[in-house]
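Report on the structure given below.
Predicted model only: the values in this text are computed from it and were never measured. Letters go in sequence order (proteins before strands), and every chain restarts at 1.
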Amino acid sequence: MSNPLRTVSSLPLSRRGVLGMGAALGVGAAVSACGGGSAGTPGGQSATIAEGAYEGEKVTLAFWNGFTGGDGAYMKQMIESFNSEHDNIEVQMNTLEWADFYSKVPNAVASGAGPDIAAMHVDQVGTNAARRVIMPLDEFTGAMDLNEDDFASTVWNAGMYDGKRYAIPLDVHPLGFYYNTKLLQQGGITEPPQDRESWEAALTGMKSKGVEYPFWATATWPAHLIFISLLGQFGGSLYDEEATQATFASDAGVEALTWYASHVKDGFSPANVANDAQAQAFRQGRDAMTWDGIWMMNEWAKVEGLEWGAAPLPTIGDEPAVWASSHQLTVMQQKSPDENKLHAARDFLAYLSENSIEWAKSGQVPARNSVRESDEFAGLEVQSTLAGQLENVIFPPTIPGIGDVTAPTFEQAVNTVVLGKADAKTALEDAAKKADALLEDNRQKYSA
Amino acid sequence: MAGTATAPASTGGRRRGRDTDGSSDVVPGAVRSPTAASPVTAYLFLAPYLVLFTLFVLAPILYGLWISLHDWDFLLPGKPFVGLQNYVDLFTPGSVTSGPFWASMRATAIFTVLSVPLLVALPLLVAVPLARKFPGRNFFRAIIFAPYVLGVAVIGILWRYLLDPNVGVLASVLDRVGLDSPPWLTDTPWVWGALVIPTIWWTLGYNMVIFLAGLQDISRELYEAAEMDGASSFQQFRNVTLPGLRPVLVFVVTITLLASANLFGQSYIITQGQPGRETRSAIMQIAEEGLARFNMGSSAAMSTILTLCLLLISLVMLSSTRERGAK
C-alpha cells in the first residue's frame, strides 16, 4: 500500500459502535463536535524570522503526513538524520491515512493540538489556505533564498494561493507506464510502445501470441488519473482557466474516455476490473502493460521474478501529457506563533528540500532542480525515466475545494463508462453539469 | 417492555388509568406511600445519568440541529444563518445536495431491506439448535461469533479479495470448473450480494448470542406441556419459542435495522460505491459532505433527515408490536 494518494479506509468502525435510537445522530454529533472550542479563527500571521540557522533553545516540531506505505520509512530515515544533525531541534513524525489526515488536521489546528508542519497534496493547498489551516510562507522562501528557478515551474507555481506562497514543493509524482518485459517479448515487441500506433500494435501482437489480456483497464483508481492524462493529450482540460466551469465533456474528453474504455470492448482488457485488480494482475504477470503512479515502482520491485520496465506514458492523442500530483510542505497556523518554532521549521523544510534525493528513492521525482539534475538522481533509473515527463504534467488549479469536485463528477463518469453502463458523451456531460454546480457552490462558500 | 411495575408513584395515577388490563399486584396505595416525599426524588436519582445524557447526547443533537440551519464550516469566519435552506435544498430536485443524498438513501434502504430479514432469521435458526445441550456446542458458538470481533477494514479487504471477479479466490475456484465469476464488485445486482453476504457472515454471531440469551428465558415447562399435548417440534417452535422470544425479537429487529441503516465500511471498502455511485450509503454521503467538503450545515441536515426516518420506522415497529402484546 505504498500508494501515497490512495484513500484506503482504515476507519476503525464497529458496526454496532453506536446503538439505540440516537445512532443516526452519531454523525451529527461528530460534525458538531468539530465546531467546539474553535470559534476563533487564527488571523493572518506574518513570520519575521532571523537569518541563518536556528541557534536558540531546544524545540520540538510535530510533523504530520500521510506516508503510511513504504514511503513512510524513507521519510523517517530523513528525519532521523535531521535530528542527529541538529541538537536543538527534534522533529517528531505522525502518520495518518491521507483520507483521515485531511479531515483531522484542520480540527487539530483549530483546537491548538495540531502539527507544526505538514505535507499535503497540491490539490489540497488551496482549500487549506482558504480555511486558514496553513500560513503564508513568503518570509520563509525569502530567507531560504528559494525562487522559481530552483524548482520545476509548474510545481512551484502550484503552491501559490491568492497571490501568496503557502507551500514549498517536495516532489512531483506523475503516472508512468509499466510493462512486463517477458510478455512484450512474447508478443514480438522489442520496444515499449510510445505512440498510438505502436500501442495498438503491441496489443494485437500480444493478444495473437496468447496473452489473453495485455492491458487491464481498471474502472477504479487510477482510471480517472489516466483519463486526465488522455484528456490533456487530446488537447482538452478539466476546467476553464478560472476553474469556474468544467470543460472535460469536450470532444477531447469523449475521445479520451472512449479510447480508454475501448480496451474492454475490444477484448484487450477483462471486464469489471476494480479495486487494485490490475495491479494484482501486473504482479502476477498476467497484465502486460499498466499505467500507474511512479510510487508503485517499489511495489513491482518487491515481486520476485517479475521482469518489468518503466517508460513515459505513450502519447495516444496529439501531444504528450500526464497527470501528476505533488507533496507540498506547509506550516500550520498557530494561535500564538512561536518564533523559535517557525525558525526551526524553516531549517527543517530547507533540509528536506535539499536532501530530497533520499525521498526520491521511495518512488518520487524531487521538485528541487539541483537534486533532480544531480548524478545521484540520474542513477535512479525508473525515477529519472519518469521525470522526463515533467514538462508535460497536468496539475489541478489551486482553488479551494477543487479536490472534492473529482470524485462525484468525472471519476464517477469514468467508472460507469469503463464498466459499460453509459456512453462517454452522456456520462461526461452529466458529470460536467454536476461539476459546474459544485464549483459554483465552492466559489460562494469561499468568497463569503 | 412497558415496565408498568416500576412506574414511579408520581405518575401512578395516570398509569393506573391506562393499564386497563389491571395487573392486580400494582396496588395504588402500596406504590404511593414511599413517594409521599417529593416528585423530585426520582429526578435526583436520575441526575447523574441525566448530566451525561445532556452533555453527550442531548447537547450534540441540539447543536447538530443548530448547525443544520447554517452554512457552516467551522474554520471559515462567516457561518451565515440560512434557516431551513439546507433542508429545502435536500428536497429540491437538481440542487447540488439532493441528488447524491437521495441516491445514497436509496442505497441504504436497499441494503437494509435485503439484510435485516436475513440477519434476524439466520441467527435465530442457528441459535435454536445451539441452545440445546450437546458436546461441542461452545465450540460452535465461538466459531460463529468469531468474525464479529474483526474490524470492518479487515472483513472488507478479505471479502474484496475473495469476491474479485478477475483476481479473487472465488473466481479462481469457479474458473477451475469452467464457470465465470459474476461481477460482484462492479455490477448490480451482484454488488448487493457483495455487501449483504459479508455483513451476515460478520454479524450473525451477535444476534445469535442475544437469541441464545432469550431462549434461556423460555420456561422448560411450556415445552413439556406442549409435548404432552402432542405438538411437533415445528409446532413447539411456532407456538412456544416464537411467542416467548417476542420482546427479544423486537429488540433484535430494531438494533439490526439501525445498524444496517448505518452502513458505511462495507460499501466504502468492498464496492467503493460502484457501479458509479450506486452503492454509496447515506453515511458515506454525510461523511463526505461534512468531513471532506466541510459543508457541515448540509451534512447535519442530512443526518437529521436520516435520523427522523429511522425514528419513524422504529416507532412504527415498536407500536405495532405493543398492540399485539395487548391482545
Measuring centre to centre across the rings, with the benzene-like ring taken for any Trp, is B/Phe111 within less than 6.0 Å of B/Trp192?
no
Among B/Leu65, B/Val154, B/Val167, which has the most heavy-atom pairs under 4.5 Å with chain A?
B/Val167
Side chain, backbone, both or neither of B/Glu278 within contact of chain A (heavy atoms, under 4.5 Å):
neither
Please list all pairs passing the side-chain hydrogen bond (donor to acceptor under 3.5 Å, both in side chains) test where one or both residues lie in residues 182-191 of chain B, with sequence neighbours left out.
A/Asn272-B/Thr186, A/Lys421-B/Asp187
Taking side chain as everything from C-beta outward and backbone as N, CA, C, O, which of these in A/Val133 sits under 4.5 Å from a heavy atom of chain B? Side chain, backbone, both or neither.
side chain
Step through it carefully: locate the ring centre of B/Tyr63, locate the ring centre of B/Trp66, and say whether they are under 6.0 Å apart.
no
What part of B/Ile270 lies closer than 4.5 angstrom to a heavy atom of chain A: side chain, backbone, both or neither?
backbone
With a 4.5 angstrom heavy-atom cut-off, is it the side chain or the backbone of B/Asn166 that approaches chain A, or both, or neither?
both
Could you have a look at B/Thr97, B/Asp164, B/Val96, B/Asp73 and say which one has the most heavy-atom pairs with chain A under 4.5 angstrom?
B/Asp73
Using the ring of B/Phe74 (Phe, Tyr or Trp, six-membered ring only), decide whether A/Arg131 places NZ or CZ under 6.0 Å from its centre and within 45 degrees of its axis.
yes
Under the 6.0 Å and 45° cation-pi test, does A/Arg286 pair with A/Tyr213?
no
Parallel, tilted or perpendicular: ring planes of B/Trp159 versus B/Trp201, cut at 30 and 60 degrees:
perpendicular
Which atoms of B/Pro100 approach chain A - backbone, side chain, both or neither, heavy atom under 4.5 Å
neither
Counting heavy-atom pairs under 4.5 angstrom with chain B, the leader among A/Ala277, A/Pro270, A/Pro408 is A/Pro408
So which part of A/Leu438 gets closer than 4.5 Å to some heavy atom of chain B, the side chain, the backbone, both or neither?
both
Could you tell me if the ring centre of B/Tyr148 sits under 6.0 Å from that of B/Tyr206?
yes
Side chain from CB out, backbone as N, CA, C, O: work out which of these in A/Ala422 comes under 4.5 Å of a heavy atom of chain B, or both, or neither.
neither
Which atoms of A/Gln284 come close to chain B, meaning under 4.5 Å heavy atom to heavy atom: side chain ones, backbone ones, both, or neither?
side chain
What side-chain donor-acceptor pairs closer than 3.5 Å can you find for residues 427-435 of chain A, not counting sequence neighbours?
unit_1, atom_1, unit_2, atom_2, d
A/Glu429, OE2, A/Lys425, NZ, 3.1
A/Lys434, NZ, A/Gln412, OE1, 3.1

Side chain, backbone, both or neither of A/Ala413 within contact of chain B (heavy atoms, under 4.5 Å):
neither
